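Okay, structure first, notes after.
Because the structure is a prediction, the values reported are computed rather than measured. Every chain is numbered from 1 and lettered A, B, ... according to where its sequence line falls, protein lines coming before strand lines.
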Protein chains: 2
Amino acid sequence: MTRNNLDREITQRLNDHHIRYTKGRQTVVDVLSASDGPLSAAEIHGKLRGRVPLSSLYRSLSVLEEAGVLVPHFGHKTVTRYELAEWLRGHHHHLVCLDCGSVDDIELPENLESEVTQLVTGIGSMAKFSPVNHSLEIEGRCVRCA
Amino acid sequence: MTRNNLDREITQRLNDHHIRYTKGRQTVVDVLSASDGPLSAAEIHGKLRGRVPLSSLYRSLSVLEEAGVLVPHFGHKTVTRYELAEWLRGHHHHLVCLDCGSVDDIELPENLESEVTQLVTGIGSMAKFSPVNHSLEIEGRCVRCA
DNA sequence: TTCCTTGCAAACGATTTGCATTGGA
DNA sequence: TCCAATGCAAATCGTTTGCAAGGAA
């Protein structure tokens, strides 16, 4: 999705939720959309050179999460990382490096992804569970740490 | 795995690591092996009616994690939940309920599981990533909340 | 004895909240 | 104007750590 499209979509969505798309919130979205993996509040804070106070960041994050713009990811450690929601960022899975702790997104080719979806559907009916979404979390070593 | 087997395996493993399998640590393992999903320190503390102080629980958990007996699971929220490691508990995936937050384990029939494994292997070579383990996290609604 | 484990209390780090101020519709 | 959004500082909550006491080898 182009940056303009992203902006339009989000503005729209926030309007629907009667939430303002303020400068601070745009900043958060900008940083996250430029990232290739989920980021924590502290990481975003760092990328903004501390210009936005942490408390405001946390507030922006939770507002954007409620609106369905962001999704939290709980990879490892005590910190929560966020990324753009699927309808903005596309469906993907995660590669979690056991050594450096980095979390990278990965998009599967269509055929593989549809296999996963079928699997999930099957599991749902097998377990009397109604799947809403899924994520394949793969732990291992990234290229840098291998 | 029977409870006696479990005990023997763990004792062995801890011996190898020069770590004592004390009463407190056994208690933690007992509670976790009786559970059908990962539990947080606070939850274990509750099940033990507060008889074991939280700080000791946390210490037991981290010792058992280092020894490879327990594995942390970061489902939702800020709390870390633990469960027995795969070599004790068997490989499985997670069903995370979006409403009540419960995390249930699910074991896939062999054919489905091998599909997942193949997928993971494929993804690894595709992404220059060395998979060590994987987990399919399915979010949705459990029977109770559906 | 010697080293590991435990309990308690204090310390920490991530996140949340109260309150006064600022800013946008 | 009026309510939502922000900044700051204080409060919370999960988790970790220092230190003295208890236990096993």
Side-chain angles (χ1 to χ4, degrees), chain A residues 7 10-32 38-67 69-83 101 103, chain B residues 10-32 38-67 69-82 101 103:
Chain A
D7 241 54
I10 295 176
T11 306
Q12 173 73 47
R13 166 77 76 129
L14 292 187
N15 266 333
D16 294 352
H17 285 249
H18 307 296
I19 295 168
R20 291 183 201 150
Y21 196 22
T22 62
K23 189 90 184 228
R25 292 168 186 173
Q26 287 178 37
T27 311
V28 171
V29 169
D30 283 349
V31 170
L32 284 174
L39 296 178
S40 68
E43 287 165 340
I44 297 171
H45 185 249
K47 283 189 191 289
L48 294 175
R49 302 242 184 77
R51 266 170 290 142
V52 179
L54 269 174
S55 66
S56 300
L57 273 182
Y58 279 113
R59 273 195 269 239
S60 293
L61 290 169
S62 78
V63 164
L64 291 168
E65 181 187 354
E66 274 179 64
V69 170
L70 298 186
V71 166
H73 177 262
F74 308 85
H76 262 190
K77 306 294 173 197
T78 352
V79 297
T80 305
R81 288 165 204 272
Y82 287 85
E83 59 186 359
V103 180
Chain B
I10 295 176
T11 306
Q12 173 73 50
R13 166 78 76 131
L14 291 188
N15 265 333
D16 294 352
H17 284 247
H18 308 295
I19 295 168
R20 291 183 200 149
Y21 196 21
T22 60
K23 190 89 183 229
R25 292 167 186 173
Q26 287 178 36
T27 311
V28 171
V29 169
D30 283 351
V31 170
L32 283 174
L39 296 178
S40 68
E43 286 164 341
I44 297 172
H45 186 248
K47 282 190 192 289
L48 295 175
R49 300 242 183 78
R51 267 171 290 140
V52 180
L54 268 175
S55 66
S56 300
L57 274 183
Y58 279 113
R59 271 195 270 239
S60 293
L61 290 170
S62 78
V63 164
L64 291 168
E65 182 187 351
E66 274 179 65
V69 170
L70 299 186
V71 166
H73 178 261
F74 308 85
H76 260 192
K77 306 293 173 199
T78 350
V79 299
T80 304
R81 289 165 204 271
Y82 287 85
V103 180

inquiry  = Without decimals, in angstroms, what is the distance between Leu54(A) CG and dT17(C) P?
reply    = 16 Å
With a 3.5 Å cut-off and sequence neighbours excluded, list the donor-acceptor pairs that the side chains of residues 42-55 of chain A form with protein atoms.
residue: Glu43(A); atom: OE1; partner: Ser40(A); partner atom: N; Å: 2.7
residue: Glu43(A); atom: OE1; partner: Ser40(A); partner atom: OG; Å: 3.3
residue: Glu43(A); atom: OE1; partner: Arg81(A); partner atom: NH1; Å: 2.9
residue: Glu43(A); atom: OE2; partner: Arg81(A); partner atom: NH1; Å: 2.6
residue: His45(A); atom: NE2; partner: Val52(A); partner atom: O; Å: 3.4
residue: Arg51(A); atom: NE; partner: Leu48(A); partner atom: O; Å: 3.1
residue: Arg51(A); atom: NH2; partner: Leu48(A); partner atom: O; Å: 3.4

remark   = Taken to the nearest whole Å, CG/Asn15(B) to C1'/dC4(C) is 14 Å
message = At less than 4.0 Å, is any side-chain N or O atom of Tyr58(A) found next to OP1 or OP2 of dT15(C)? Yes or no.
response = yes
Nearest-0.5 Å distance that lies between atom CD in Gln26(A) and atom CD1 in Ile10(A) = 9.0 Å
query = For Glu65(B), which residues count as a side chain to side chain contact (heavy atoms under 4.5 Å, CB included) partner, sequence neighbours excluded?
reply = Pro72(B), Tyr82(B)
task = Do nucleotides 3-13 of chain D as a string where each nucleotide becomes B, S or -: B if the base has a protein heavy atom under 4.0 Å, S if just the sugar-phosphate does, - if no protein is that close.
result = BSSBBBB----
query = Of all residues at least two apart in sequence or in a different chain, which pass the side chain to side chain contact (heavy atoms under 4.5 Å, CB included) check with Thr11(B)?
reply = Asn15(B), Tyr21(B)
message = Between C1' on dG13(C) and NE2 on His45(A), what's the gap in Å once rounded to a whole number?
response = 14 Å
request  = Let me know the distance between CG of Leu64(B) and P of dT15(D), rounded to the nearest Å.
outcome  = 16 Å
remark   = side chain to side chain donor-acceptor pair (under 3.5 Å) with Asp16(A): of Arg13(A), Gln12(A), His18(A), only one passes, and it is Gln12(A)
request  = Can you tell me which residue pairs pass the salt bridge (Lys or Arg N to Asp or Glu O under 4.0 Å) test with a partner in residues 22-32 of chain B, sequence neighbours excluded?
outcome  = Arg3(B)-Asp30(B)
request  = Please lay out, stage by stage, how Val28(A) and Leu70(A) fare under the test side-chain contact (heavy atoms from CB on, under 4.5 Å).
outcome  = CA-CA 10 Å; Val28(A) 171; Leu70(A) 298 186; 4.3 Å; yes
task = Specify the angle, to 10°, made by the local axes at the two ends of the helix from dT1(C)-dA25(D) to dA25(C)-dT1(D) when five pairs are taken at each end.
result = 30°
request  = For Leu61(B) and dT6(C), give me the distance from atom CG to atom C1', rounded to whole Å.
outcome  = 14 Å
query = Could you give the distance from OG1 (Thr27(A)) to CG (Leu57(A)), rounded to the nearest 0.5 Å?
reply = 9.0 Å
